[in-house]
Amino acid sequence: MPWLRRMPVSENQNFQGETNMTEPVRVRYAPSPTGLPHVGNIRTAFFNWLFARHNNGTFIVRIEDTDVARTVPGALEGILEGLEWLGIDWDEGPRAGGDFGPYFQSQRLDIYNKMAKELVERGFAYYCHCSSERLEKMRAEQTANKKPPGYDRCCRDLGLGGAPGAVIRYKTPLEAKTTFHDLIRGDVTFENATLDDFVLMKSDGYPTYHLANVIDDHLMKISHVLRAEEWLSSTPRHLMLYNAFGFKPPIFAHLPIILGSDRSKLSKRHGAVSILEYKEQGYLPEAMMNFLALLGWSFDDKTETFSKEELIKHFSIERISQTSAIFNKEKLDWMDGTYIRKLSPHEFAERAMPFLEKGLPPEVKRPLDISYVKKVLPLVHERAKTLGELASKELTWFFFIDKLDYPAELLIDKKLDRKATAAMLDVALVRLDELSAFDADTLESVLRPLSDEIGVKAGQLFGTVRTAITGLTATPPLFQTMEVLGQNTCMKRIKEAITKLKENAG
RNA sequence: GCCCCCAUCGUCUAGUGGCCUAGGACAGCGGCCUUUCAAGCCGUCAACAGGGAUUCGAAUUCCCUUGGGGGCACCA
């Protein structure tokens, strides 16, 4: 009975990940509320969720709030908001409850305390009275002498008792190896001698991640631990703890890390790293989900588009890549564009509205005129990569603002001069004034022949009118744009353009 | 410095000894369409890090080198 073992093990430990499918799949996402929900973290949560859903298992959110100093107010809410935005729901955890709670580690302190003490009593751990100053100095010397930094085991055999300021350390076996089977990386072996006596309980009475995560994963009956690769090197420590406690370890799978464009771990300087930033920028959650799924996982040699249901259906750990992946924002943009284009006009309007309300200049009257917006939106639907950029100068401002701001030169075609341009607009103005209908077809039937009449190419005339009407050279189709803008606005803007040309003529 | 992981187009990847003169996608480039911009369609550029070994045969197996990443806290 391993539970009764009194001395640290010294024989080689082998932990083969038995895929015992008779046990229910229970996986967890265990964020620490120390900052915004990083896309890398969320991707880990997402893969856990996919694995749970694929196997009809349970997805648990557990909050690892054991670092009092680093806890950030609002971080927890942000993390949950990020999950909810993507449509990742959890069966147990904050707000959801469950039979294995509490799901906040800060509320489980007595458990960790009791179990850590038990480890001390049974000879697997010991109290350490070393001050942080001493440890810092020790580390500095080790680094200076190019030695691997690590606790020098000063208190290991002193048989010290608990005291204020003391910590509990694990008595790492000095010999032998720890081997385990990782579902993504195969067998991984560490020499125990390369591991130091790590801290289990901090002096403030909180457990370290190593202790708390092992105890909770066991108590919460976690079957598989899918976590980022940065945890790979602390897995042997966890295994030693499972062994010391006599717990059966879960099956491990260490996910590839997401990198920034310079191949280092994705961080702030690479741009947006919080999933909520993407929400605010108007990316579609379903596109984000699809994109994230393909960062480190693939289905076959050609499928790029997956609905949530398809992802759940096809997801498997075997198809997770072993290689870290660079976050390719260009591809995200493309994918988001494809999802936007698939939206029905109604749904597009529905989802775009909040972004227009937020992003259009303040002088535009709120609330926006919905029926007008619904006329504008189809013209920009296939041009937007995100909902957020819908409310940009380039895409929609000119539909809503009163006064256009652009240089007169923009009106003038390369092969024409200022005078000819003004003359062209003069004629156009007259023709448009005569119109009783102002729809795209009518407009084309009037303006297209006009170019012949004036002796310019259609594109030259249209280009100048386009700029006069929108202040831009790249816009949705001219006649449809004019139809939406209406006769009055178009006439007014052409007049303003003519004035602009004549004013600066000298 | 020590430990661990990884290595196919610029990027995400397919590829589990012969189907590979290496496939797809994004980006790039060229073209078509066209009133501009998009979208769409067609085409094109572009990779098995290097060296050994195993084998009739290696992107696929093994070893070494190199390169990249991660870890080495009273942080998670």
Side-chain angles (χ1 to χ4, degrees), chain A residues 30-35 64-67 69-70 128 130-132 135-136 139 142-151 165-169 182 184-186 188-191 193-196 198-204 206-210 212-213 228-236 254 256-257 259 261 263-265 291 294-305 319 321-335 337-338 341 380-385 394-395 444 447-448 451 457-463 465-467 470 472-479:
Chain A
S32 132
T34 52
E64 312 230 323
D65 51 351
T66 55
D67 186 339
R70 288 203 314 150
C128 167
C130 292
S131 67
S132 2
L135 295 175
E136 248 169 68
R139 254 194 303 277
Q142 285 165 338
T143 314
N145 296 327
K146 308 218 169 199
K147 295 279 184 194
Y151 181 55
V167 303
I168 296 179
R169 286 181 185 275
D182 185 282
I184 294 172
R185 282 150 222 291
V188 182
T189 301
F190 287 80
E191 293 280 349
T194 63
L195 273 23
D196 72 348
F198 54 99
V199 172
L200 262 22
M201 287 296 294
K202 300 183 268 187
S203 58
D204 62 1
Y206 280 75
T208 59
Y209 170 85
H210 302 304
N213 122 285
E229 196 195 332
E230 61 213 62
W231 293 109
L232 193 62
S233 41
S234 42
T235 304
H254 287 91
I257 289 185
L259 307 175
S261 44
R263 296 215 144 270
S264 67
K265 216 165 143 186
F291 174 74
L294 260 17
L295 265 190
W297 176 86
S298 65
F299 175 60
D300 61 13
D301 59 342
K302 38 181 71 76
T303 316
E304 300 280 340
T305 307
R319 297 203 60 88
S321 152
Q322 306 177 48
T323 325
S324 44
I326 292 175
F327 190 91
N328 186 188
K329 187 169 172 298
E330 286 70 39
K331 187 154 182 177
L332 203 214
D333 286 344
W334 163 78
M335 187 163 276
T338 67
R341 273 172 251 129
V380 292
H381 194 156
E382 69 180 24
R383 289 170 172 74
K385 292 220 182 327
E394 291 72 30
L395 250 29
E444 180 158 14
L447 291 179
R448 197 172 284 282
S451 61
K457 290 202 170 132
Q460 293 178 299
L461 173 63
F462 297 169
V465 175
R466 180 191 314 283
T467 303
T470 65
L472 302 169
T473 53
T475 75
L478 179 60
F479 308 121

| remark: In whole angstroms, the gap separating C1' of B:C26 from CD of A:Glu330 amounts to 8 Å

| task | Grab the CZ-P distance between A:Phe479 and B:U36 for me, whole Å please. | result | 11 Å

Among [options], the nucleotide that comes nearest once only the side chain of [X] is considered:
| X | options | value |
| --- | --- | --- |
| A:Ser32 | B:U35, B:C5, B:A76 | B:A76 |
| A:Arg139 | B:A76, B:U36, B:C74 | B:C74 |
| A:Val188 | B:A76, B:C5, B:A27 | B:C5 |
| A:Arg70 | B:U35, B:C74, B:A76 | B:A76 |
| A:Ser233 | B:G71, B:A76, B:C72 | B:G71 |
| A:Thr194 | B:C72, B:C3, B:C74 | B:C3 |
| A:Arg341 | B:C74, B:A39, B:U35 | B:A39 |

Would you mind classifying the nucleic acid contact of [X] as base, sugar-phosphate or nothing, using non-hydrogen atoms under 4.0 angstrom?
| X | value |
| --- | --- |
| A:Lys202 | base |
| A:Tyr209 | base |
| A:Thr189 | sugar-phosphate |
| A:Pro31 | nothing |
| A:Arg185 | sugar-phosphate |

Under 4.0 Å from OP1 or OP2 of [N]: is there any side-chain N or O of [X] that close?
| X | N | result |
| --- | --- | --- |
| A:Arg383 | B:A39 | no |
| A:Lys329 | B:C26 | no |
| A:Ser264 | B:G69 | no |
| A:Arg448 | B:U35 | yes |

| query | Tell me, for nucleotides 9-14 of chain B in 5' to 3' order, what letter each nucleotide earns: B for a base near a protein heavy atom under 4.0 Å, S for only sugar-phosphate near one, - for neither? | reply | --BBSS

